[in-house]
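Notes for the one structure printed next.
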Amino acid sequence: MERKIRVLVAKPGLDGHDRGAKVIARALRDAGMEVIYTGLRQTPEQIVSAAIQEDVDVVALSILSGAHNHLFPRVVELLKERGADDVLVFGGGVIPEEDIPFLKSKGIAEIFGPGTPTSKTIEFIRANVKRPLH
Amino acid sequence: MNELVRRCIEGDVRAAARLITLLENQDRDAYAALYRLKDHSGRAQIIGITGPPGAGKSTLVDKLITQFRARGLKVGVLAVDPSSPFSGGAILGDRLRMQGHATDPAVFIRSLATRGSLGGISKATHAAIRVLDAAGYDIVLVETVGVGQSEIDIVRVADTVVLVSVPGLGDDIQVIKAGIMEIGDIFVVNKADRDGADRVVRELRAMLEMQAQLRHGQTPLGGPDTLVARDPDFMHHTELVSELSHAGGEEPFIPPILKTVAETGAGVPELADTLIHHFERLLQTGELERKRRESIRYQLSRFVFDEITHLLSLPELSKVWDDLAQQVFSRTLDIYSAGMALFHSIPIQGATHEDPHA
Amino acid sequence: MTDFEKLEQEFKAWQAKVEKANEKYPERKKQFVTGSNAPVDRVYTPLDQKDFDYSSQLGLPGEFPYTRGVQPTMYRGRLWTMRQYAGFGTAEESNTRYKYLLEQGQTGLSVAFDLPTQIGYDSDHPLSEGEVGKVGVAIDSLADMEVLFDGIPLDKVSTSMTINAPAAVLLAMYVAVAEKQGVSAQALSGTIQNDILKEYIARGTYIFPPAPSMRLITNIFEYCSKQVPNWNTISISGYHIREAGATAVQEVAFTIADGIAYVEAAIKAGLDVDEFAPRLSFFFNAHNDLFEEVAKFRAARRVWAHIMRDRFGAKNPKSWMLRFHTQTGGSTLTAQQPDNNIIRVTLQALAAVLGGTQSLHTNSRDEALALPTEQAVRIALRTQQIIAYESGVAETVDPLAGSYYVESLTDRIETEVLQYIKRIDDLGGAVKAIEQGYIQQEIQDSAYAWQMDVENGERVIVGLNKFQVKENPPQGLLRVDPAVGERQKQKLAALKAGRDQKAVDSALASLRNAASSSDNLMPPILEAVRGYATLGEICSVLREEFGEYRPNVMF
């Protein structure tokens, strides 16, 4: 039997727009995944601690405030520091296309912009989870 | 696996987290790991927090963590939320309220999905408790799903069960009607700054006194509808409870009722003290041993039951199933003799556990 | 036979004929729905308005129940205020943008603050890292506010400030800047958003728990009714509720439920309803379904008028009037083919004007990607000007009244809004409904349903799930200088070194005392602001006294 994929959905930074984060959380649940939702205003440190304790396969970050270039790389960095580099990290929100190469170079696996269907995100997770599913 | 166990015992957070994942996924190697953890567990106080939805359980757990930390204790939390019966997925949101403790190295919070279990905790909860216990957490708080009905499994894993209620949920004593009241060692009326809190306390006290008298074989004086009539499982629970938590003193024991406002933290220091005190009392009276023995018997029966269920679903039995079903259908056999035949065909050697001594 | 009976017969015959033709040439869809998923009939006739009573349902413009608008002449007297929300980076940069907008013919200012300011943190707070100046201007103290309004006479412009949890502090800073310009508080006009309930529901920039937050709000009502009489003390906002995924009905229902909670809180605090209610204002969204949006605004006015008169017994007609600002729907903009957003914004702005808005912000085409560039903002403003000066829709009042469809929509929205308000009353009011997560969950359900409709293609979004093209990434987006944070930190350090620290300490101590008493908090906040206590210092005192809000999230 395929094991459950566990995903941490977190909102780093200070913006309070969680519509996207909540929609994606529901969609992932409906796709059979276990979603840990940590809510607003999470520091990279809080996100990474939670990811490790929850032993998630994926960290999904949503941000609309524009602080992504600062906060996303920090999450990847801290995961590495704590030996958890088998966690897939991706992001979504209002993120200009020109920032994407930089974010990818920092270890963010993918950036999903406004209008991305949830089905695409689900496929992405299934195809890219780093730990074996069986 | 050995490496993982070693790191877990040393208190490595990632190792503990990974072990819990493996146990949740019913990984056979991880079951064997429990054997290696056994010498390092048994110290922690296991506290169950249960009660209806909206009672503020997660906020209460958050504030209890603060209290136990202030007393220098390491705290593990297992927060259980329901899996969707449709997709098998889950949204685990209890942690949200406790994220303030995320970066405290002496606090470990783990969300568990029920994955089909109905008793308020997940199948792996018991094993996860053992992991946190062995990893050196002094207190393990288990927050149940909180759907308000028949969440009695918590009593099988916890040393102390806190039953949380709250004024203004429409029906203040609904927990009682669900017949779950009997499992509480400590009662908390949360959101006690709201209207009606004192009424809930009074009602709880009346119910608990009546229950205590019942247990002493006295006839209660009046009171609401009998508990037995309300809940078919009631007798079963009472039996269990009187066995588990009645220390056999002369006076009927009435569990403490505390008022809290988890949002502000009011009343939580007292609750933490009461919890610690309860554990000390369990230790002194030998009650803890009794409780844990009882719990072990239950875990054992549960384990065997699950194991048999698993064996019954093995492909090599499918022909036996078909044959026996056919024979019952064609009236060659009755259901009982067919059942016995099926039971005797269970391939006990199919239980392929790693030999823990290897 | 009455006219209705005659029409009914004709209608049935026509219906039968159409159904028959339908078998051969079916309609495009089995079920037609509005932008908010409400069913839409093939045609609307007087039969849908059988009980229609002009005077009680519509009334004349400027008359109860204000369905047709709050002023008798509406835009024939004065056009709506064209107010573009703006602000980014430092106070200096934002000041330049404001002056540009005023030169371009904008008639009011609308200040966007950065997130640390909105959550009551100074620029040097660890949580402010990476956020300073990003979504709005960074304001740490009166010194920044002085720069922000430098050269802008505060008795000549009306200023709207999108600030909620720390609204009292920013209002105090505005009053203090005016003092320095020699303008009395009595002469100031503008709005603070000051709507904490929708922060809990949808927008997320809350600080304190509900009870002390409601106290701050009623303190402001009381203070302004005497000291800043032309100030709109709250802008009860449905905008963000809609952005979070609510339907049109939910937007109005939850906003009005919030409004009821504020009125009740103020009355409980001992204020007379007619003393503060005339200064209450609203803030709504405008989405693409033109008729439904127009009907939404009309229904909202009618519902509020009845609530204020009949439920709260307000006597002053100004208390009955729902005045509102509109912003076009940010969530309707697509990152794909962003030029199409200009057309969406046009439809939405048209709905707001046909719905009788008092002021309007039109979004810029590039806002699904970043903060708008100057050029994009100009097109957005020009959109309003074309509607105002070229389309002709502003030349008569409420031109869609009497449309069978629009009146039916208005009635339906009103009915459904009242059902929601009843449900929320039963839960114990908006604050309780929020604490229990009821309102949030209703919105999430709508948001999820919308997303699934879009993904199934049941709802077409041009350029997103239909009519896509290959495109190059957009060029020339506005970028906030990442050095803003550093600059702001340096300014803050210099400020703290140069101010009278004793005065600051004593002002903060008085504030703490006031917070633990039941005194109005505006005077001590104003005193602290005048002495250059920072926003973060003031909010920190209040955080210690009041605690912080923790949300209740349900799925």
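Chain letters run A, B, ... following the sequence lines, proteins first, then strands; residues in each count from 1. All of these numbers come straight from a predicted model, not from anything done at the bench.
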> Under 4.5 Å between any side-chain heavy atoms of Arg131(A) and Arg18(B), yes or no?
Replying inline: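 Yes, their side chains come closer than 4.5 Å.
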> Is Glu34(A) close to Leu112(B) at the side-chain level, that is, under 4.5 Å between some pair of heavy atoms?
Replying inline: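 No, every pair of side-chain atoms sits at 4.5 Å or beyond.
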May I ask you to name which of [options] has the most heavy-atom pairs under 4.5 Å with chain B?
| options | value |
| --- | --- |
| Ile36(A), Val7(A), Ile5(A) | Ile36(A) |
| Ala10(A), Gly39(A), Ala31(A), Ala84(A) | Ala84(A) |
| Glu45(A), Gln42(A), Arg82(A) | Gln42(A) |

>> For Arg14(B), is there an ion pair with Asp86(A) - N to carboxylate O distance below 4.0 angstrom?
In response: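 A salt bridge links Asp86(A) with Arg14(B).
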> Hey, is Arg3(A) close enough to Glu24(B) for a salt bridge, meaning N to O under 4.0 Å?
Replying inline: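 No, this pair does not count.
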> Nearest 0.5 Å, what's the OG1-CG distance between Thr21(B) and Asp57(A)?
Replying inline: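 These two atoms lie 8.0 Å from each other.
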> Should the heavy atoms of other residues, nucleotides or ligands under 6.0 Å from NZ of Lys80(A) be counted, would the total exceed 12?
Replying inline: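 It does not: Lys80(A) NZ has 12 such atoms or fewer within range.
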>> Looking only at side-chain N and O atoms, does Gln53(A) offer a donor or acceptor that is under 3.5 Å from a partner on Arg95(B)?
In response: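 On atom types as modelled, these side chains qualify, holding a pair under 3.5 Å.
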>> Within the 3.5 Å criterion, strictly below it, is a donor on Ser87(B) or Asp30(A) matched to an acceptor on the partner's side chain?
In response: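 There is no such pair between these side chains.
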> Could you go step by step and tell me if Tyr37(A) and Leu96(B) meet the side-chain contact (heavy atoms from CB on, under 4.5 Å) rule?
Replying inline: CA-CA 7 Å; Tyr37(A) 186 75; Leu96(B) 180 88; 4.1 Å; yes
>> Tell me the closest heavy-atom pair linking Ile52(A) and Ala17(B), and the distance in Å.
In response: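 Minimum heavy-atom contact is O-CB, 3.1 Å.
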>> Could you report the tightest heavy-atom contact between Ser49(A) and Ala102(B), atom names first, then the distance?
In response: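 Looking at all heavy atoms of both residues, the closest pair is CB-O, 3.1 Å.
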